[in-house]
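To start, the structure under review is shown below, and the notes come after it.
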Amino acid sequence: MSTAAAYAVSAPDGSFEKLAIERRELGPHDVLIDVKFAGICHSDIHTARDEWGGTSYPCVPGHEIAGLVAAVGSAVTKHQVGDRVGVGCMVDSCGKCEACMAGDENYCVPGSTMTYNTRVSEELQPGGYTLGGYSTQIVVTENFVVSIPEGIGLDVAAPLLCAGVTLFSPLRHWNAGPGKRVAIIGMGGLGHIGVKIAAAMGAEVTVLSHSLSKQADGEKFGAKHYYATSERQTFKDLRSHFDLILNTVSADLPIDNYLKLLRLNGTLVILGLPENPLAAKPFTLAGYRRSLSGSMIGGIAETQEMLNFCAEHGIGAEIEVISADQIDAAYDRVVASDVRYRFVIDAATM
Ligand code: NAP
Ligand code: ZN
Ligand code: ZN
């Protein structure tokens, strides 16, 4: 076993404190990673504050991990010491169910092992549940470690590991590309990367944001149109307009109003995960054969595909690098939508 420095919260209303944690001995297929940067995803906040229930404390969040391989187990073939690598939301899955067999480990039927807050054996993680990337080191089985291509900095790559693939996967699944009108609701951590990726895929991208305060940025990221959802006129102007709408908002929205913005056969995909149910009216869906769906991160091969795509198109996250003692303040700023556009923790400050 090895000891790593980590930042953890001990209660839903607690603040982050430095903690020494154990990482398991390397098994034959394990990779030990020196974490360089860890992004702050809104899911980290939902979990640390126990907004979804079921958080085990002390909790070490972090599933947007970029770093360098420090050591490999005896049978590892995919990565070598010194490689630039990333780890996203999952560190394992059953490998046998129909989803895993299809490369959709994110939809593993018995459930994937998430990077933090999932019950595992003491052998896999001393303490009995996974501890994430707000840490100097992590041990992950090689199949769940992806390669970060040269040409993307580790700092701007880190947020791609969750935010990037969470947007890339539905954009690919619903065939975003030339001739498709795509709207992104919410231009935060997920949303801003979605704008960049959808534009690079050739879609006509519209941002639907609280206000017009980030319009210039949205256009720089590749959006053709930008609307404020605080204006009632927006919902009149854009009625029955989009092929695909991706909702990245972390709070409750009047979803029926947004469903009405879908044209015939259009789909609205839920990515943001507030805890309350959605209120969709049957007439809104039936009227134009509209679909309401959802999507959860992406598979491992798809994560690699996304990183390669981002490297090819020069896409990285827009980030603000912080030190580990600034995590609490960063959380408050994310909740207040005061982030441009992802906080990334420099692990050297742990
Ligand atoms: P974020 O950086 O906080 O961005 C969320 C954006 O939603 C904000 O920038 C803001 O955009 C908008 N927003 C926030 N509060 C709002 C409100 N009260 N009303 C209207 N709009 C509001 O969060 P994130 O890291 O992108 O994560 C977003 C959500 O996705 C979270 O719920 C997270 O748990 C979830 N998530 C899901 C997956 C998945 O696989 N499905 C993966 C990662 C994260 P504007 O200022 O532009 O309006
Ligand atoms: Zn995330
Ligand atoms: Zn499985």
Side-chain angles (χ1 to χ4, degrees), residues 38-49 51-52 61-65 88-90 92-116 132-133 158-170 183-195 207-215 217-218 221 223 226-230 246-255 257-258 269-276 293-300 303 317-320 330-343:
I40 293 180
C41 175
H42 209 118
S43 300
D44 299 354
I45 303 175
H46 291 307
T47 305
R49 297 185 172 175
E51 290 168 1
W52 293 330
H63 60 204
E64 294 187 334
I65 302 167
C89 300
M90 301 175 285
D92 210 350
S93 70
C94 85
K96 293 182 286 216
C97 71
E98 63 174 352
C100 286
M101 297 302 277
D104 296 322
E105 299 88 351
N106 46 322
Y107 300 117
C108 175
V109 177
S112 355
T113 305
M114 307 315 279
T115 305
Y116 57 81
L160 300 177
L161 274 302
C162 170
V165 73
T166 298
L167 275 291
F168 182 85
S169 181
I184 310 264
I185 316 176
M187 202 173 74
L190 264 56
H192 91 284
I193 295 175
V195 173
V207 175
L208 303 174
S209 183
H210 283 86
S211 73
L212 297 180
S213 65
K214 297 180 273 190
Q215 180 168 6
D217 286 346
F221 302 153
Y226 203 103
Y227 287 87
T229 53
S230 52
L246 304 182
N247 174 22
T248 75
V249 174
S250 49
D252 298 323
L253 284 187
I255 206 68
N257 295 347
Y258 291 87
V269 184
I270 299 295
L271 302 175
L273 300 170
E275 60 277 38
N276 294 320
S293 190
S295 182
M296 190 65 93
I297 49 173
I300 296 297
T303 303
E318 303 295 315
I319 58 167
E320 190 174 325
Y331 272 31
D332 290 340
R333 283 185 53 196
V334 172
V335 171
S337 297
D338 175 26
V339 50
R340 303 286 186 276
Y341 282 85
R342 201 56 143 185
F343 288 111

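Start at 1 with the first residue, then count along the sequence. All values derive from a computational prediction rather than experimental measurement. In listed order, ligands and their atoms are each counted from 1.
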Quiz item: For Leu190 and Arg342, what are the C-alpha separation, side-chain angles and deciding distance, and is it a side chain to side chain contact (heavy atoms under 4.5 Å, CB included)?
Solution: CA-CA 9 Å; Leu190 264 56; Arg342 201 56 143 185; 3.7 Å; yes
Self-check item: Intermediate values then yes/no, side-chain hydrogen bond (donor to acceptor under 3.5 Å, both in side chains), Asp44 and Tyr116
Solution: CA-CA 9 Å; Asp44 299 354; Tyr116 57 81; 2.7 Å; yes
Exercise. Take Leu273 and Met296, measure what side chain to side chain contact (heavy atoms under 4.5 Å, CB included) needs, and give me the verdict at the end.
Key: CA-CA 10 Å; Leu273 300 170; Met296 190 65 93; 4.3 Å; yes
Quiz prompt | Step-by-step side chain to side chain contact (heavy atoms under 4.5 Å, CB included) determination, Thr248 to Leu167 | solution = CA-CA 9 Å; Thr248 75; Leu167 275 291; 4.2 Å; yes
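Phe168 has its side chain out of reach of Leu160: every pair of non-hydrogen atoms, C-beta onward, lies at least 4.5 Å apart. Between Ile193 and Thr166, the closest side-chain pair of non-hydrogen atoms is not below 4.5 Å. Residues Ile185 and Tyr258 form a side-chain contact, since some pair of their non-hydrogen atoms from C-beta on lies under 4.5 Å apart. Side chains of Val335 and Arg49 form a contact here, defined as non-hydrogen atoms less than 4.5 Å apart. Looking at heavy atoms from C-beta onward, Thr303 lies out of side-chain contact with Met90 at the 4.5 angstrom threshold. Using a 4.5 Å heavy-atom cutoff, the side chains of Val334 and His42 are in contact.
Annotation for ligand 1: atoms under 4.0 Å from non-hydrogen atoms of Gly186 are 11 (O), 47 (O). For ligand 1, the atoms lying closer than 4.0 Å to a non-hydrogen atom of Val334 are 3 (O). Atoms of ligand 1 found under 4.0 Å from any heavy atom of Leu271 (numbered from 1 in listed order, with element): 30 (O), 35 (C), 36 (N), 37 (C), 38 (C), 39 (C), 41 (N). Interface atoms of ligand 1 facing Trp52, defined by a heavy-atom separation under 4.0 Å, are 34 (O). Remark: ligand 1 atoms within the under-4.0 Å shell around heavy atoms of Lys214 are 9 (O), 11 (O), 45 (P), 46 (O), 47 (O). For ligand 1 and Gly272, the ligand atoms under 4.0 Å from any heavy atom of the residue are 29 (C), 30 (O), 32 (O), 35 (C).
Contact annotation: His63 places an N, O or S atom under 2.8 Å from the Zn ion (ligand 2).
Minimum interatomic distance between Pro274 and Asp252 (heavy atoms only, all atoms of both residues): CB-OD1, 3.5 Å.
Neither the backbone nor the side chain of Phe343 has a heavy atom within less than 4.0 Å of ligand 1.
From the protein, the heavy atom lying nearest to atom 18 (N) of ligand 1 is Ala251 CB, 3.4 Å. In this structure, the protein non-hydrogen atom closest to atom 2 (O) of ligand 1 is Gly189 N, 2.8 Å. When hydrogens are left out, the protein atom nearest atom 25 (O) of ligand 1 is Arg342 NH1, 2.6 Å; that is the closest non-hydrogen contact. The closest protein non-hydrogen atom to atom 26 (O) of ligand 1 is Leu190 N, 2.8 Å. Looking only at heavy atoms of the protein, atom 40 (O) of ligand 1 is closest to Ile297 N, 2.7 Å. The shortest contact between atom 10 (C) of ligand 1 and any protein heavy atom is with Ser337 OG, 3.6 Å. Residue, atom and distance of the protein heavy atom nearest to atom 7 (O) of ligand 1 are Val249 CA, 3.6 Å. From the protein, the heavy atom lying nearest to atom 3 (O) of ligand 1 is His42 ND1, 2.7 Å.
Considering backbone and side-chain atoms together, Ser43 places an N or O closer than 3.5 Å to an N or O of ligand 1. For Leu208, no nitrogen or oxygen atom sits less than 3.5 Å from a nitrogen or oxygen atom of ligand 1, counting backbone and side chain alike. Residue contacts with ligand 1: Ile270 is placed with no nitrogen or oxygen under 3.5 Å of a nitrogen or oxygen of the ligand (distance criterion only). For a threshold of 3.5 Å applied to N or O pairs, the pair formed by Ser295 and ligand 1 contains at least one separation below that value.
Taking the Zn ion (ligand 2) as the apex, the angle formed with SG of Cys162 and SG of Cys41 is 130°, to the nearest 10 degrees. Atoms SG of Cys94 and SG of Cys108, as seen from the Zn ion (ligand 3), are separated by an angle of 100°, to the nearest 10°.
A distance of 6.0 Å separates CD1 of Ile297 from OG of Ser112, quoted to the nearest 0.5 Å. Considering CD1 of Ile45 and CD of Glu51, their distance stands at 8.0 Å, rounded to 0.5 Å. Atom CD1 of Ile270 sits about 11.0 Å away from atom OG of Ser295, to the nearest 0.5 Å. Rounding to the nearest 0.5 Å places CE of Met187 at 7.5 Å from CZ of Arg340.
Across the listed options Thr248, Leu212, Asn106, Thr248 owns the non-hydrogen atom lying nearest to atom 28 (C) of ligand 1. The closest non-hydrogen atom to atom 19 (N) of ligand 1, taken over His63, His210, Gln215, comes from His210. Taking all heavy atoms of Cys162, Ser209, Ala163 into account, the minimum distance to atom 47 (O) of ligand 1 is reached by Ser209.
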